[in-house]
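Have a look at the structure below before the remarks.
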Amino acid sequence: MPALVLLGAQWGDEGKGKATDLLGGSVDYVVRYQGGNNAGHTVVVGDQKYALHLLPSGILSPGCTPVIGNGVVVDPSVLLSELSGLNERGVDTSKLLLSGNAHIITPYNVTVDKVTERFLGKRKIGTTGRGIGPTYADKINRVGIRVQDLYDESILTQKVEAALDVKNQILTKLYNRRAIAVDQVVEELLAYADKLAPYVADTVLVLNQALEEDKVVLFEGGQGTLLDIDHGTYPFVTSSNPTAGGACTGAGVGPTKISRVIGILKAYTTRVGAGPFPTELFDEDGEALRRIGGERGVTTGRDRRCGWFDAVIARYATRVNGLTDFFLTKLDVLTGWEQIPVCVAYEIDGRRVEELPYSQTDFHHAKPVYEMLPGWNEDISKAKTFADLPKNAQAYVKALEEMSGAPISAIGVGPGRDETIEINSFI
Ligand code: GDP
Ligand code: IMO
Ligand code: MG
């Protein structure tokens with residue numbers, strides 16, 4: 001039995017960290033399969049708040065083994081400082097497993113990310129500046145550095161040389177920057193080798209053996225469906241596959257092993273960075289969602305763009321991920337509106353469109369078609385069962401479920417672990 005995937009159904013920041021942490025107590029492994037420290041996953045345990053960027057949220061559950069899979073890109077300095085930060089707060093991180101095949105975010109990848117964005121000017125993606133795109137580009141170009149390369153100085157030097165050959169030409173001739181010295185990079189990377197060594201493992205073997213032994217493995221996505229390099233709002237996306245298929249390639253587990261795919265779905269919509277967003281609000285409602293929902297980026301501190309729930313996107317997420325369930329988050333944030341608009345379709349050049357258009361041009365022109373749902377005023381943060389919710393909140397959840405195409409199996413009514421209504425059990 002079971003391998004579960006938990007992923008973002010929108011543009012990230014849906015509450016994946018909280019949902020993963022909630023399940024962490026009942027699973028044996030939590031695995032990050034893509035992305036890197038562009039993620040910011042918030043977990044609130046009692047009066048303690050943790051912001052995790054690279055480590056799987058399962059690290060906070062003592063019985064659970066956290067795994068960084070081959071599909072992740074790893075900035076060693078960030079990993080080590082995240083580990084020591086948790087150790088200082090009394091969290092045991094010794095069980096962490098790090099794939100030897102995961103790619104390393106080198107200092108030059110971070111530089112290239114930043115200068116490329118600056119060069120793009122108005123056309124910039126609004127990346128997190130963490131070197132994610134350039135590191136995945138190196139991986140695809142077959143000039144990437146992997147964790148295992150830290151343990152062979154000669155290979156590491158050759159690979160850094162190969163990568164910098166071209167990059168230094170670009171940095172000096174195109175961007176007017178200073179060239180980066182191979183020796184300096186190699187020295188910096190080698191300094192991480194011993195510190196990371198205790199964690200490095202053949203994670204593919206470990207995870208497949210665990211599944212054969214009927215252990216429960218949870219794959220925790222970073223980012224979200226609409227930020228997927230293939231299925232998202234390209235080019236305003238991240239450079240990996242947060243969608244369900246990414247869990248297979250990013251961890252080395254076959255699709256036949258996956259029994260459940262849970263989409264984390266915010267009761268409204270947010271986005272950070274550039275790109276189209278049909279239900280975005282520029283008025284006081286948008287301001288109120290941002291204020292009440294605390295919609296400020298965990299990684300970059302940028303204000304998140306806010307808008308109403310978009311059922312077209314939710315349906316799309318159900319389809320491309322094969323979602324079996326939704327975990328609806330932040331329903332409490334919607335308390336106090338008399339009526340809540342929900343986008344049920346788009347109008348594109350005078351046509352009503354029910355599904356996400358594949359054409360970037362069409363999506364840029366998409367105008368939301370709203371249905372108004374009645375709101376509620378009661379405080380719902382103490383609700384423990386679906387029946388505890390006011391009738392209009394129940395109707396809102398039911399309407400979203402109907403429009404989105406998969407059952408809503410849990411509802412978040414606050415950031416804490418216990419501020420959750422569980423409807424169907426996940427495991
Ligand atoms: P992630 O990147 O998907 O893990 O999400 P983030 O942590 O970036 O953003 C989600 C924010 O919402 C965090 O501050 C969470 O603590 C918070 N949160 C998660 N679920 C709920 C919920 O049901 N209600 C409220 N009010 N906050 C929530
Ligand atoms: P979590 O896991 C929201 C966005 C960036 C930018 C685009 C590309 O917390 O949901 P990148 O640095 O990945 O090349 O940036 O993707 N982005 C996120 N937005 N939540 C995230 O992660 C994100 N990770 C990247 O803002 O628009
Ligand atoms: Mg986040």
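Every number for a ligand or one of its atoms is a count from 1 in the order of the listing. Please read these numbers as outputs of a predicted model, since none were measured by experiment. Computed over heavy atoms, backbone and side chain alike; hydrogens, waters and symmetry mates excluded.
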Subject >> Check: T128 N/O within less than 3.5 Å of ligand 2 N/O >> reply: yes
Subject >> Closest approach of any protein heavy atom to atom 5 (C) of ligand 2, naming residue and atom >> reply: G126 O, 3.6 Å
Subject >> Side chains of T225 and Q10, donor plus acceptor under 3.5 Å >> reply: no
**OP:** Give a yes/no on ligand 1: does G12 have at least one heavy atom closer than 4.0 angstrom to it?
**Re:** no
**OP:** Determine yes or no for a side-chain-to-main-chain donor-acceptor pair under 3.5 angstrom, with S404 supplying the side chain and E401 the backbone.
**Re:** no
Subject >> Heavy-atom nearest neighbour in the protein, as seen from atom 16 (O) of ligand 2, with distance rounded to 0.1 Å >> reply: L227 CD2, 3.6 Å
Original post:
If we only count N/O pairs under 3.5 Å, is K16 in contact with ligand 2?
Top reply: yes
Original post:
Does G414 have a non-hydrogen atom less than 4.0 Å from ligand 1?
Top reply: yes
Original post:
Short N/O distance, under 3.5 Å, between G222 and ligand 2?
Top reply: no
Subject >> Options T299, T127, I264, ranked by nearest heavy atom to atom 15 (O) of ligand 2, top entry >> reply: T127
Original post:
For ligand 1, is there an atom lying under 4.0 Å from some heavy atom of R304?
Top reply: yes
Subject >> N-O pairing of D13 and R304 below 4.0 Å >> reply: yes
Original post:
Which of the numbered atoms in ligand 2 are below 4.0 angstrom from a heavy atom of I125?
Top reply: 27 (O)
Original post:
Think K124 forms a cation-pi with F119, using NZ or CZ under 6.0 Å from the six-ring centre and within 45 degrees of its axis?
Top reply: no
Original post:
What heavy-atom pair brings E14 and T329 nearest, and what distance separates the two atoms?
Top reply: O-OG1, 2.5 Å
**OP:** Look only at interatomic distance and state if V272 has a nitrogen or oxygen under 3.5 Å from any nitrogen or oxygen of ligand 2.
**Re:** yes
Original post:
Nearest protein heavy-atom contact for atom 3 (C) of ligand 2: which residue, which atom, what distance?
Top reply: D13 OD2, 3.2 Å
Original post:
Is E14 in polar range of ligand 2, meaning some N or O pair under 3.5 Å apart?
Top reply: no
Subject >> Residue-atom pairs from the protein, N, O or S only, that lie under 2.8 Å from the Mg ion (ligand 3) >> reply: D13 OD1, G40 O
Subject >> E295 side chain vs T270 backbone, donor-acceptor pair below 3.5 Å >> reply: no
Original post:
Are E355 and R315 within salt-bridge range, i.e. N to O under 4.0 Å?
Top reply: yes
Original post:
In the protein, what heavy atom is nearest to atom 25 (C) of ligand 2, and what distance, to one decimal place, separates them?
Top reply: Q223 CG, 3.7 Å
Original post:
Is there a nitrogen or oxygen of R130 sitting under 3.5 Å from a nitrogen or oxygen of ligand 2?
Top reply: no
**OP:** Report yes or no: is the cationic atom of R260 (NZ for Lys, CZ for Arg) closer than 6.0 Å to the six-membered ring centre of F426, at no more than 45° off its axis?
**Re:** no
